[in-house]
Amino acid sequence: MAQRQPAAFAVGQDDRKPFQHSHVPAEHAALIQSRETGDVIPDDAPTGKVKALPFAKSWVHMMAGGVGGMTAATITAPLDVLKTRLQSDIYQAQLRAARMAKGQALAGLNPARAALYHLTDTLDILGSVYRTEGSRALFKGLGPNLVGIVPARSINFFVYGNGKRIISEYWNRGEEAPWVHLLAGVAAGVATSTATNPIWMVKTRLQLDKNVSERSGGVMQRQYRNSYDCVRQIIRDEGIRGLYKGMSASYLGVAESTLQWMLYEQMKASLARREERIQRSGREKTWWDNSVDWTGKAGAAGGAKLIAAILAYPHEVARTRLRQAPMDNGLPKYTGLIQCFKLVWKEEGMIGLYGGLTPHLMRTVPSAAIMFGMYEGILRLFHTPA
């Protein structure tokens, strides 16, 4: 019996599903399955089979993801520093004291005024960091961040793209579906978190360094000289396991990355259907159509990240708290994920679980748009199938 042809590569079907791309030239349809790893159907491959490109042919995808990630991380580094500090209980305590001194209260503000207050407060704090600590403070932790971006993006794109291909090929007759994207996203998130957690641990410690080393008398002294010294002290004082603090919160954060992938796939499929309708109509593309071609996927990436980040944000706070340096007595304040959530809720309430949300959204949404936008642009520059 002839093997059923996957809907993702079927040509001329009218009863298509959200993730099917019909009425597309065969040579283009064979290139739609995976942007992330460059999975295509070679000309001599049997119908319905999806095979991954060897590294020699897919290096552009890996390079484009790395370059996009590094560019986005560098541009948004100051907001990343600010977000990390606002997630820390040390900074939250300082902010509460400052607000009490000024007689400011957020409880009586309506949502619109509260949002505006958080935005202006975020910008004020950013300016204060620049004035009191200098411009270099705005880029603390950027080194390990950049070191982590390349493997993190490479692992994430590679595992997600190949995971999606393998799951759909062996468990869904070669067809994509939301549950396929779900499982592939979980696999990619777990693999990325496990491999890169020590890097983000060092980055967090460096970003909080000047604050946690404050001692009586107002003397400010850095605890870590550089990334290497940070790793050395963590291993010496906390053991190898110290490099993996916050791992449970990172695994919880897999929900955010998975949700982002699922939403992005839905939006990408919608863009593909739009392009298909234009091709079927035979009309010339307008300036708006060309704009959507270049910016549609970047906008979809930013929109997907916005929704996912808001829904899953508390895990970011827990992860930062779990990675804080031990207290003066050498004992950690937060000892586990559940204990961390309970303690934050007890001491700070719901608002404590969303500390730093404004700079987080200001950073991650444009960061996602920049990263995916550059990714798509570099693929086009090298004439690599997306």
Side-chain angles (χ1 to χ4, degrees), residues 2-53 57-58 60-61 64-65 68 157 160-161 164-165 168-169 172-178 180-181 184 260-304 368-386:
Q3 185 178 5
R4 177 180 175 181
Q5 186 177 11
F9 302 105
V11 180
Q13 293 181 352
D14 291 327
D15 55 340
R16 57 187 179 277
K17 299 177 182 179
F19 295 98
Q20 293 175 322
H21 304 272
S22 57
H23 297 93
V24 182
E27 66 273 17
H28 177 66
L31 303 175
I32 294 178
Q33 172 73 6
S34 177
R35 321 173 301 101
E36 296 79 21
T37 59
D39 298 346
V40 299
I41 295 181
D43 293 337
D44 57 349
T47 303
K49 297 293 184 181
V50 183
K51 294 186 178 181
L53 282 174
K57 294 183 180 179
S58 63
V60 176
H61 291 263
F157 276 90
Y160 178 80
K164 181 174 66 173
R165 176 181 62 84
S168 61
E169 181 177 344
N172 201 39
R173 301 186 301 271
E175 299 179 9
E176 291 189 28
V180 173
H181 302 146
Q260 181 187 1
W261 272 120
M262 293 181 65
L263 291 172
Y264 181 69
E265 290 284 4
Q266 293 275 9
M267 296 177 184
K268 190 175 67 172
S270 177
L271 291 172
R273 291 194 297 270
R274 182 182 186 278
E275 176 69 16
E276 184 182 333
R277 287 194 298 269
I278 294 176
Q279 290 184 359
R280 285 207 310 268
S281 68
R283 67 176 177 83
E284 292 290 331
K285 287 188 176 181
T286 65
W287 66 271
W288 174 252
D289 295 327
N290 291 323
S291 297
V292 171
D293 284 345
W294 282 95
T295 64
K297 290 180 179 178
I370 292 170
M371 182 176 65
F372 279 88
M374 288 198 65
Y375 179 85
E376 299 289 346
I378 292 175
L379 291 186
R380 290 195 177 199
L381 180 64
F382 282 85
H383 306 288
T384 302

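Residue numbers start at 1 and run along the sequence shown.
- With hydrogens and angles disregarded, a donor-acceptor distance shorter than 3.5 Å links the side chain of T286 to the backbone of D289.
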Worked check of side-chain contact (heavy atoms from CB on, under 4.5 Å) between W261 and K164: CA-CA 11 Å; W261 272 120; K164 181 174 66 173; over 6 Å; no
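- Closest approach of M267 and A304 over heavy atoms only: CE-N, 3.9 Å.
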Worked verdict on V180 versus E175 for side-chain contact (heavy atoms from CB on, under 4.5 Å): CA-CA 9 Å; V180 173; E175 299 179 9; over 6 Å; no
Working for side-chain contact (heavy atoms from CB on, under 4.5 Å), residues Y264 and K297: CA-CA 8 Å; Y264 181 69; K297 290 180 179 178; 3.5 Å; yes
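- Atom CZ of R277 sits about 7.5 Å away from atom CZ of R274, to the nearest 0.5 Å.
- For S281, the side chain to side chain contact (heavy atoms under 4.5 Å, CB included) test picks out R283, with sequence neighbours left out.
- When all heavy atoms of A298 and G373 are compared, the closest pair comes out as CB-CA, 3.9 Å.
- Expressed to the nearest 0.5 Å, how far OG of S270 lies from CD of E275 amounts to 12.0 Å.
- Atom-to-atom distance recorded for I278:CD1 and D293:CG is 7.0 Å, nearest 0.5 angstrom.
- Rounding to the nearest 0.5 angstrom, the gap separating the CG atom in L381 from the CE atom in M374 is 10.0 Å.
- A salt bridge links K268 and E265; the closest N-O separation between the charged side-chain nitrogens and carboxylate oxygens is under 4.0 Å.
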